[in-house]
Amino acid sequence: MKNRVIDHPVLDSIDEQKTISFTYDGKEYKGLPHESIAAALLANGIRTLRKHEESGTPRGIYCNIGHCFECRVTVNGQQGVRACLTRVSEGMNVASGEKLLTSVKDWRPEND
Amino acid sequence: MTDILIIGAGPAGLSAAITIAEHGLNVHVIDEYMDAGGRLLGQLYEEPNGNWWNGIKESNKLAEKASNLGVKISLNTSVNNIEKIDDKWVVYTDTNTYSTSHLLLATGAAEEPFPIPGWTLPGVMSVGAAQVMTNVQRVKPGERGVIIGVNVLSSAIAMELNLAKIDVATIALPKINQITEESGNPENVLNSLLHVAHMAPSAFVKFGSKLMKNDFMKKLGITFFPKGGVKMWGIPIQLRKAVIEIYGEERVEGVKMATISPTGEVIPGTEENISADFVCIAGGLYPLAELAAVAGCPFHLIEELGGYVPLHNNRMETTLDGLYVAGNITGIEGAKVAISQGVTAGLSIVHNSGKQKLDQEIAASIQAIEKTREEAYIQFHPDVKEGKKKLQQYWEAHKSSKQLVQS
């Protein structure tokens with residue numbers, strides 16, 4: 001839990017005993033019940049939440065308050081969920097966004 | 001149907017809801033975040049009297065008070081659109097559609113980014129993102145960060161990161177370009193920095209800021225600004241160095257900085273690499289006014305208020321019937337001003353719902369806003385009063401042109 005700010009000189013300390021389990025891209029992780037998916041992942045050292053749909057470059061959180069839509073993930077099969085606005089919960093199944101085949105470009109390998 | 005609908009559960013929205021509920025009307029607050037409080041949640045600073053302003057506690061107090069008065073608060077609810085149908089405002093959310101005669105927009109502010117090469121790398125975030133991660137989510141944005149952009153917001157958040165024992169290697173300017181013209185110019189930045197000088201425990205900044213109150217001294221200050229920066233809370237603030245690039249393969253590994261001239265020009269051959277695992281971009285705040293735009297409010301660009309603001313009067317009424325604004329959508333200021341504005345908006349709504357004899361109370365609440373503004377500890381824009389005066393003039397002009405059309 002070294003990535004968490006457990007004790008704070010001004011704020012109350014947080015309870016790290018009660019953890020919940022969730023999966024990200026099939027791997028199991030522990031989170032705390034108060035936190036967002038983005039925070040739970042960052043606490044586990046995960047910064048990349050998706051690949052840009054077209055370029056495939058990695059993306060993580062940018063604004064952390066729902067404005068930028070950079071942290072979109074799939075939650076229990078529902079696409080386009082903002083990881084910064086959604087609380088992580090027991091048994092949650094989170095998947096990162098991947099590069100897509102675009103209909104705009106000719107995506108055959110020889111044209112990649 | 002709910003009597004009154006409020007979009008935004010921040011300090012302005014909640015205090016408006018409390019005021020309205022206290023007068024016995026039904027009120028429903030919608031917000032897309034998972035906790036009530038808005039940006040107030042992340043705030044943490046020590047006031048001159050030695051008390052800490054703890055945004056989480058203040059948010060909880062407001063939310064609890066509202067709930068106890070019967071205010072319904074729907075969190076995790078995003079508003080997609082609003083429109084006027086007949087004499088009702090219709091609000092479309094991702095779960096329900098609501099209609100109301102009185103709609104308050106308390107949507108707050110958003111952060112202005114400035115694009116820099118490498119800014120899409122994971123680990124690059126807005127400075128407010130780092131604040132929410134640290135103070136609200138209680139997860140470190142990283143071990144060692146660089147903040148790009150020197151202003152009131154970034155200075156305050158740097159201090160908050162420091163409190164949580166997160167290392168901020170430096171606060172520096174962005175390389176000057178068309179977008180960063182203001183924020184990349186050391187003279188402009190020094191000018192705005194003078195307004196946070198009172199927050200710095202460093203005698204140098206405090207002393208220096210008094211010396212630099214005229215233009216000549218300011219130029220001198222920039223020319224002789226120490227190469228190692230000035231330290232605020234132990235963090236070097238650089239006004240003679242700019243970040244020209246964020247580097248890293250799959251994530252942030254550091255930034256490339258260079259020395260700049262007093263007007264912001266990069267001096268070739270001075271580039272150096274600073275290692276970091278997170279980078280914050282701090283471009284300042286602007287009023288988040290999309291919904292007012294969608295509704296059809298007239299707008300004015302008022303730099304002193306942080307950008308385009310919907311035209312409104314001091315009773316927080318817009319030019320559209322039944323549409324009100326409060327908080328940072330009306331200009332960038334602190335949470336306490338937002339709370340005061342919420343009270344006025346709430347009273348106006350109660351008054352316009354048919355309750356008589358509120359004029360005196362409304363007048364007193366408008367005075368309370370101004371008093372709060374004058375006593376504000378953190379001022380985001382030094383000339384906010386000037387901006388409010390301009391807005392008032394625009395309102396008068398609008399009113400008289402309307403009367404002209406009607407007569």
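All values below were derived from every heavy atom in this structure, side-chain atoms included, with hydrogens, water molecules and symmetry-related copies excluded. Throughout, protein chains are lettered first and strands after them, A, B, ... in sequence-line order, and every chain is numbered starting at 1.
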- Task: Would you please test A:His67 and B:Ser126 for side chain to side chain contact (heavy atoms under 4.5 Å, CB included) and show each step?
- Result: CA-CA 11 Å; A:His67 293 162; B:Ser126 74; over 6 Å; no
- Task: For residues B:Met34 and A:His34, report the shortest heavy-atom separation together with the two atoms involved.
- Result: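 Distance-wise, the nearest heavy atoms are CE-O, 4.5 Å.
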- So which heavy atom on A:Tyr62 is nearest to which on B:Val124, and how close? CD1-O, 3.7 Å
Looking only at heavy atoms and a cut-off of under 4.5 Å, which of [options] has the most pairs with chain B?
options	answer
A:Ser36, A:Gly66, A:Gly60, A:Cys84	A:Ser36
A:His52, A:Glu35, A:Arg59	A:Arg59
A:Asp7, A:Thr48, A:Ile65	A:Ile65
A:Thr57, A:Leu85, A:Ile14	A:Leu85

- Where does A:Cys68 contact chain B at under 4.5 Å (heavy atoms): side chain, backbone, both or neither?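 Contact with chain B: none, neither part.
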So what's closer than 4.5 Å to chain A heavy atoms on [X]: side chain, backbone, both or neither?
X	value
B:Leu44	side chain
B:Leu288	side chain
B:Glu143	side chain

- Task: Working to the nearest 0.5 Å, report the span between CG of B:Asn54 and CG of A:Asp12.
- Result: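 CG of A:Asp12 is found 7.5 Å from CG of B:Asn54.
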- Give the intermediate values and the outcome of side chain to side chain contact (heavy atoms under 4.5 Å, CB included) for residues B:Gln137 and A:Leu42. CA-CA 10 Å; B:Gln137 299 294 325; A:Leu42 188 56; over 6 Å; no
- Task: Determine, step by step, whether B:Met133 and A:Ile61 satisfy the side chain to side chain contact (heavy atoms under 4.5 Å, CB included) criterion, reporting the C-alpha distance in whole Å, the side-chain angles of both residues, the deciding distance to 0.1 Å, and the verdict.
- Result: CA-CA 10 Å; B:Met133 244 338 151; A:Ile61 65 149; 4.1 Å; yes
- Would you sort out whether B:Asp35 and A:Arg87 count as a salt bridge (Lys or Arg N to Asp or Glu O under 4.0 Å), showing the intermediate values? CA-CA 10 Å; B:Asp35 298 302; A:Arg87 230 184 277 283; 3.0 Å; yes
- Under the side chain to side chain contact (heavy atoms under 4.5 Å, CB included) criterion, do A:Arg47 and B:Asp277 qualify, and how do the steps go? CA-CA 10 Å; A:Arg47 285 191 183 276; B:Asp277 66 346; 4.1 Å; yes
